[in-house]
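Residues take their numbers from the sequence shown, with the count starting at 1. As the structure lists them, so they are numbered: ligands from 1, and atoms in each ligand from 1. Only a predicted model underlies this, so the values are computations on that prediction, with no experimental measurement involved.
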Amino acid sequence: MRNKLNVYDNVLDLIGHTPLIRLNKMTHGFDGDFYAKVEAFNPGHSSKDRIALYIIEEAERQGILKPSDTIIETTSGNTGFSIAMVSIIKGYKCILAVSSKSSGDKIDMLKSMGAQVHVCPAHVAADDPRSYYQVAKQIHSELKGSVYINQYFNQLNIDAHYKTTGPEIWEQTKGEITHLVACSGTGGTISGTAKYLKEQNPEIKIIGVDAYGSVLQKYHETKEFDEKEIYPYRIEGLGKNLIPTATDFDVIDRFIKVTDEDSAHTAREVSKTEGIFVGYTSGAVMQALKQLNEEGIFKKEHLVVAIFPDHGSRYMSKVYSDKWMEDQGFFDSKKSASETIQYIK
Ligand code: PMP
């Protein structure tokens with residue numbers, strides 16, 4: 001008989017329980033204490049591991065998923081990676097419809113995890129038959145023994161964060177959290193986490209981060225779906241051109257918008273100053289903290305938690321590529337490419 005080993009049965013046992021790490025440099029001079037919930041510590045390197053595991057296990061519990069069935073999803077990349085990872089361990093097939101806006105790295109990563117990938121045009125309406133929503137629905141309707149995760153319209157997306165991310169943050173901050181700042185894409189992360197936190201303390205302020213080119217902030221403020229708000233932007237995974245039912249607008253106090261350019265520079269700054277290698281939307285969240293600080297909303301006694309959704313390694317051909325930054329026009333006389341590489345001839 002072997003002694004009890006200090007090991008994990010498989011990679012899924014490592015999902016969740018991500019660390020809360022103090023921001024030391026980025027928030028220098030801000031009033032209050034600031035911590036990042038660094039979701040890149042999940043084994044699939046993003047917050048989406050939580051919903052992939054939760055939704056698939058819920059489908060198993062309900063007897064909807066049978067061995068060797070196929071799991072289908074629309075995804076900007078992270079959810080797909082997480083679903084592919086869970087599918088490998090649990091023995092399901094995985095088909096993913098992704099937006100052409102997703103980085104080539106992300107798409108190659110999905111293929112590396114055994115998924116079948118359909119790349120769909122990014123700048124078409126959500127109801128266009130070529131959109132990644134419609135492509136996924138079509139495959140699901142034609143394929144017997146398939147389950148469509150449908151993260152934008154699945155209440156379980158909220159529940160996953162209500163059951164895990166919310167309690168973790170409450171426990172890690174010993175109930176002292178005063179503000180949560182998080183991106184809103186499907187809205188699952190912010191809605192589930194906020195719902196749990198507000199049940200513990202209704203005074204906690206919940207601030208969603210939205211993109212210019214997305215309808216979320218205006219919808220929250222006016223309950224009007226304004227198509228004029230929609231135009232292309234570069235940040236992947238943040239903001240939306242539709243209203244997801246996985247967003248509970250009632251638990252969100254306000255939204256704040258950030259630009260592609262500011263978020264890209266701020267992501268690079270977080271990596272260089274905090275030593276936490278973050279993705280594009282983490283840069284967006286940090287950018288939101290800067291803007292909120294300029295508004296003067298933070299006070300000395302505040303404890304602010306920002307959720308950093310994924311890892312910088314997914315953006316090597318985007319935010320961390322000097323060429324990409326230059327091509328977007330993100331470098332000017334004030335902000336230029338890093339001069340830290342020296343080529344020895
Ligand atoms: N950041 C990234 C990189 C994402 O992929 C997503 C998910 N689309 C989000 C943030 C937003 O998370 P949620 O969908 O839970 O709102």
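- Near Y315, meaning under 4.0 Å from any of its heavy atoms, are these atoms of ligand 1: 3 (C).
- Ligand 1 lies within reach of K48, whose nearest heavy atom is under 4.0 Å from it.
- No side-chain donor from either of Y315 and E236 sits under 3.5 Å from a side-chain acceptor of the other.
- Residue I190 places no heavy atom under 4.0 Å from ligand 1.
- At a threshold of 4.0 Å, the pair K163-E58 does not count as salt-bridged, since none of the basic side-chain nitrogens sits closer than that to a carboxylate oxygen.
- Taking a cut-off of under 4.0 Å to the non-hydrogen atoms of T189, the atoms of ligand 1 that pass are 12 (O), 13 (P), 15 (O).
- Within the listing of ligand 1, atoms 13 (P), 14 (O), 16 (O) sit less than 4.0 angstrom from a heavy atom of G187.
- At a threshold of 4.0 Å, the pair D31-K299 does not count as salt-bridged, since none of the basic side-chain nitrogens sits closer than that to a carboxylate oxygen.
- With a 4.0 Å heavy-atom cut-off, ligand 1 is reached by the backbone of S184 but not by any atom from C-beta on.
- Here D253 pairs with K198 in a salt bridge; the nearest charged N to carboxylate O distance falls below 4.0 Å.
- With a 4.0 Å heavy-atom cut-off, ligand 1 is reached by the backbone of T186 and by its side chain too.
- Hydrophobic side-chain contacts under 4.5 Å tie Y212 into a cluster, directly or through other members, with Y231.
- Hydrophobic clustering, defined by side-chain heavy atoms of Ile, Leu, Val, Met, Phe, Trp and Tyr closer than 4.5 Å, groups L143 together with I72, I95, V135, I139, Y148.
- In terms of polar-atom proximity, T281 is counted as a contact of ligand 1, with an N or O under 3.5 Å from an N or O of the ligand.
- Note: W324 and F330 have perpendicular aromatic rings, judged against thresholds of 30 and 60 degrees for the angle between ring planes.
- Listed by atom number, the atoms of ligand 1 under 4.0 Å from D310 heavy atoms are 3 (C).
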